[in-house]
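Reading through the structure tokens given below for one structure.
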Amino acid sequence: MIARIDAKLEKAGYPGGLRGADWVGVKLMALVGFAILFFVIGLLLLRQPVVGLLLAVVGAGVGYIAPEFWLGRKIRARSFGMVLQLPDALDLLTISVEAGLGFDAALAKVVEKMEGPLVDEFRQALAEVRMGRPRREALRDVATRADAQPVSNFIGAIVQAEQLGVPIAKVLQIQSNQLR
């Protein structure tokens, strides 16, 4: 369960620095908080403890589900931000590769010049590559965390070009044209 939660939090960019165990705590606090809030509202408005208890159960359900909606919204917003940032990052990457930089150096240039969720993912992938992880795996993890089809398509094209020995500059030009 914690691994599944961590995967969701990773796609959301770890909002607030939350990890899996922290998220379980947030959900439990929301459950208890909403249950108490609904119970108090039921007592104050209707002055019947039985109705207050029923509202507390409803509040507990709302408190348990509400953080999931918030997290889902964060994931969608981050994915959308990556898709919006992709054309600019792709243009800078293409220009850098055409200017003679290797793919890793061009990616470092993108990380240096831009900010945002996609660049943060590129920064992490670049750090993993520098630590000895194969570029293919690091980029595939970016696609998994991005959870956006245009980003996955771009990374898939880069990985395939690397495997087949196709010049990266040509692939970047084609991807840029398709994306626009």
Would Val57 and Leu53 satisfy side-chain contact (heavy atoms from CB on, under 4.5 Å), going step by step from the backbone distance to the final call? CA-CA 6 Å; Val57 171; Leu53 286 175; 5.9 Å; no

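- Rounding to the nearest 0.5 Å gives a distance of 12.5 Å between CD1 of Ile158 and CZ of Arg140.
- Hydrophobic clustering (side-chain heavy atoms under 4.5 Å, transitive across Ile, Leu, Val, Met, Phe, Trp, Tyr) keeps Val119 apart from Val83.
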If you apply the rule side-chain contact (heavy atoms from CB on, under 4.5 Å), what do you find for Trp23 with Glu68, and how did you get there? CA-CA 10 Å; Trp23 183 250; Glu68 290 297 326; 3.2 Å; yes

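- Val159 approaches Arg136 most closely through the heavy-atom pair CG1-CG, 3.2 Å.
- Residues Ile36 and Ile41 fall into different hydrophobic clusters, defined by Ile, Leu, Val, Met, Phe, Trp and Tyr side chains chained together at heavy-atom separations under 4.5 Å.
- Note that the CZ atom of Phe122 and the CD atom of Gln85 stand 8.5 Å from one another [nearest 0.5 Å].
- Between atom CG of residue Asp147 and atom CZ of residue Phe80 there is a gap of 14.5 Å, rounded to the nearest 0.5 Å.
- Here the shortest heavy-atom pairing between Ile168 and Ala161 reads CD1-CB, 4.3 Å.
- Nearest heavy-atom pair across Ala138 and Arg133 is CA-NH1, 4.1 Å.
- Nearest heavy-atom pair, Leu18 versus Asp22, reported as atom, atom and distance to 0.1 Å: CD2-CB, 3.7 Å.
- Put simply, the side chain of Phe103 reaches to within 4.5 Å of the side chain of Leu139, judged on heavy atoms.
- Within the 4.5 Å cutoff, the side chain of Phe34 has no heavy atoms near those of the Val58 side chain.
- Inter-residue side-chain proximity for Phe154 and Leu172 is flagged as met; some heavy-atom pair is nearer than 4.5 Å.
- Considering every non-hydrogen atom in both Ser152 and Ala143, the closest pair reads OG-O, 3.7 Å.
- The CG atom of Leu126 sits 12.0 Å away from atom CE of Met131, with the distance rounded to the nearest 0.5 Å.
- Using modelled atom types, one finds no donor on one side chain facing an acceptor on the other under 3.5 Å when comparing Gln124 with Asp120.
- The pair Arg123-Glu115 meets the salt-bridge criterion, with a side-chain N (NZ, NE, NH1 or NH2) lying under 4.0 Å from an Asp/Glu carboxylate O.
- Clustering ILVMFWY residues whenever any of their side-chain heavy atoms sit less than 4.5 angstrom apart, transitively, puts Leu37 in a cluster other than the one holding Leu28.
- Placement of Val97 and Leu86 within a single hydrophobic cluster is found when ILVMFWY residues are connected by side-chain heavy-atom separations under 4.5 Å, directly or transitively.
- Neither Leu9 nor Tyr64 shares a network with the other; the hydrophobic side chains, linked directly or stepwise wherever heavy atoms of I, L, V, M, F, W or Y lie under 4.5 Å apart, form separate groups for each.
- The local environment of CD in Glu98 is crowded, with over 12 non-hydrogen atoms from other residues, nucleotides or ligands closer than 6.0 Å.
- The CD1 atom of Ile5 lies 14.0 Å from the CD atom of Glu10; values are rounded to the nearest 0.5 Å.
- The closest side-chain heavy-atom distance from Leu54 to Phe38 is not below 4.5 Å.
- The backbone N or O of Leu92 lies less than 3.5 Å from a partner atom in the side chain of Ser96, making a donor-acceptor pair.
- Nearest heavy-atom pair across Ala89 and Val110 is O-CG2, 3.8 Å.
- Open room surrounds NZ on Lys74; 12 or fewer heavy atoms of other groups in view lie less than 6.0 Å from it.
- Considering CG of Leu118 and CZ of Arg78, their distance stands at 9.0 Å, rounded to 0.5 Å.
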